[in-house]
Amino acid sequence: MNIQEILDNAKETLGLQAQETEAGVYIPSKSSLKLAAPSKTNYDNTEYDTPYKGNKKILMVCSEQQYMTMENGKKFDTGNHPVEMMVPLLHFKKAGFDTDIFTPTGASVKVEQWAMPEDDDDVKQIYAEYQPKLESPKSIADFVKNDMADSDDYAAIFIPGGHGAMLGLPEDKNLGELLRWGHKNDLFTLAICHGPAALLSANLNGSDKANDKTERDFIFKGYEMVAFPTAMDKQMPKIGYLPGTMPWYFGEKLEDLGVTISNKLATGSTHQDRKLISGDGPLAANEFGKLSATELLKALS
């Protein structure tokens with residue numbers, strides 16, 4: 001037995017080996033799931049004194065891709081994190097906002113089912129309520145092509161995390177147009193954990209020459225935010241949360257475009273810079289949802 005086999009066996013014994021669920025596909029190790037995917041969230045059932053009575057909604061952008069291929073060829077079974085989707089949705093609902101769900105083409109939302117908090121009745125209830133929309137979301141491409149220019153339906157664009165937010169969304173030109181439209185029209189942009197990866201799409205060339213990126217700055221250049229830290233993503237394979245080294249790191253790319261990511265750890269922090277509200281991970285989902293709902297109510301009152 002060589003040294004690597006000994007180390008692998010030790011990691012398996014300690015529950016630090018990513019779990020293979022089918023050939024070449026992995027979910028986090030048993031130990032990392034205990035740490036990172038508790039069975040109950042910190043949702044606090046905040047009541048809002050004057051819920052919104054208007055017609056504006058939240059536009060939630062989700063991933064339709066499920067597998068992230070690591071540098072070693074192993075696939076991580078990902079998608080959007082259920083806590084980072086559903087806890088903010090609970091706050092939006094309590095504050096009087098409905099949410100429309102979008103993916104790039106209208107294909108179903110992929111969800112990190114292994115992160116579902118099985119003992120959290122609030123999350124499970126709203127997940128069941130939104131399941132039809134998750135299975136049959138609206139298409140970003142269709143909205144951008146047919147409805148966006150004349151739309152007055154939305155108050156915010158919300159991008160939940162999960163490593164799935166790094167799959168397809170950062171390269172989606174339609175999403176880039178959506179984000180630039182939202183920014184131009186003074187919508188809030190809400191992004192948590194790995195969700196900020198999708199903001200990179202706002203730096204892509206648009207479908208018309210006026211939107212060519214050589215003629216404009218990145219819309220979030222000079223902004224400060226919190227997000228899931230690159231340094232932590234680089235450590236995740238050591239505890240088996242990820243089955244290998246990630247192919248790229250979104251934080252580095254955002255910083256190259258002039259964004260400041262102020263947190264070094266994911267401790268549940270949130271941040272607001274103008275109309276960009278961010279959270280650093282699932283521990284931040286409750287405060288992120290509450291801050292977002294409160295600021296939306298304030299802006300629309």
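Computed from heavy atoms alone, side chains included, the values below leave out hydrogens, waters and symmetry copies. In this chain, residues are counted from 1 in sequence order.
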Electrostatic pair Asp122-Lys94, nearest N-O below 4.0 angstrom:
no

Is the shortest side-chain N to carboxylate O distance from Lys56 to Asp152 below 4.0 Å?
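Result for this pair is yes, salt bridge flagged.
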
If we ignore angles and hydrogens, is there a donor and acceptor under 3.5 Å between the side chains of [X] and [Y]?
X: Asp44; Y: Asn286; answer: yes
X: His91; Y: Tyr48; answer: yes
X: Lys110; Y: Ser108; answer: yes
X: Thr78; Y: Glu112; answer: yes
X: Ser201; Y: Asp172; answer: no
X: His271; Y: Asn263; answer: no

Is [Y] close to [X] at the side-chain level, that is, under 4.5 Å between some pair of heavy atoms?
X: Leu175; Y: Phe102; value: no
X: Ile277; Y: Thr270; value: no
X: His81; Y: Cys193; value: no
X: Lys124; Y: Glu118; value: yes
X: Leu178; Y: Val61; value: yes
X: Glu224; Y: Leu276; value: no
X: Tyr154; Y: Ile58; value: no
X: Trp114; Y: Thr21; value: no

Value for NZ (Lys238) from CG (Leu16), rounded to nearest 0.5 Å, stands at 12.5 Å

Single-linkage hydrophobic cluster, 4.5 Å side-chain cutoff, [X] and [Y] together:
X: Ile192; Y: Phe250; result: no
X: Met225; Y: Leu169; result: yes
X: Leu254; Y: Leu167; result: yes
X: Met68; Y: Val25; result: no
X: Val87; Y: Val109; result: yes

Short side-chain to backbone donor-acceptor contact, Asn174 and Ile140, under 3.5 Å:
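No, the answer is negative, given that no donor and acceptor are paired below the 3.5 Å cut-off.
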
Dump the intermediate steps for side chain to side chain contact (heavy atoms under 4.5 Å, CB included) on Phe97 and Leu297, then the final yes or no.
CA-CA 9 Å; Phe97 294 96; Leu297 289 173; 3.8 Å; yes

Do Gln19 and Leu33 pass the side chain to side chain contact (heavy atoms under 4.5 Å, CB included) test, and can you show the C-alpha distance, the side-chain angles, and the key distance before you say yes or no?
CA-CA 10 Å; Gln19 303 176 81; Leu33 282 178; 3.7 Å; yes

May I ask you to list the residues sharing a hydrophobic cluster with Leu35, side-chain cutoff 4.5 Å, ordered by chain and number?
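Leu35 shares its hydrophobic cluster with no other residue.
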
With under 30° as parallel and over 60° as perpendicular, where do the rings of His163 and Tyr241 fit, or are they tilted in between?
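Tilted.
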
What pair of heavy atoms forms the shortest contact from [X] to [Y], and how long is it?
X: Pro160; Y: Asn80; value: O-ND2, 3.4 Å
X: Met236; Y: Phe228; value: CE-CZ, 3.2 Å
X: Cys62; Y: Met60; value: SG-CE, 3.6 Å

Please list all pairs meeting ring-ring contact (aromatic ring centres under 6.0 Å, His included) that have one or both residues in residues 167-193, counting only residues at least two apart or in different chains.
Phe143-Trp181, His183-Phe220

Is it the case that over 12 heavy atoms from other parts of the model lie below 6.0 angstrom from the [atom1] atom of [X]?
X: Asp121; atom1: CG; value: no
X: Lys264; atom1: NZ; value: no
X: Lys133; atom1: NZ; value: yes

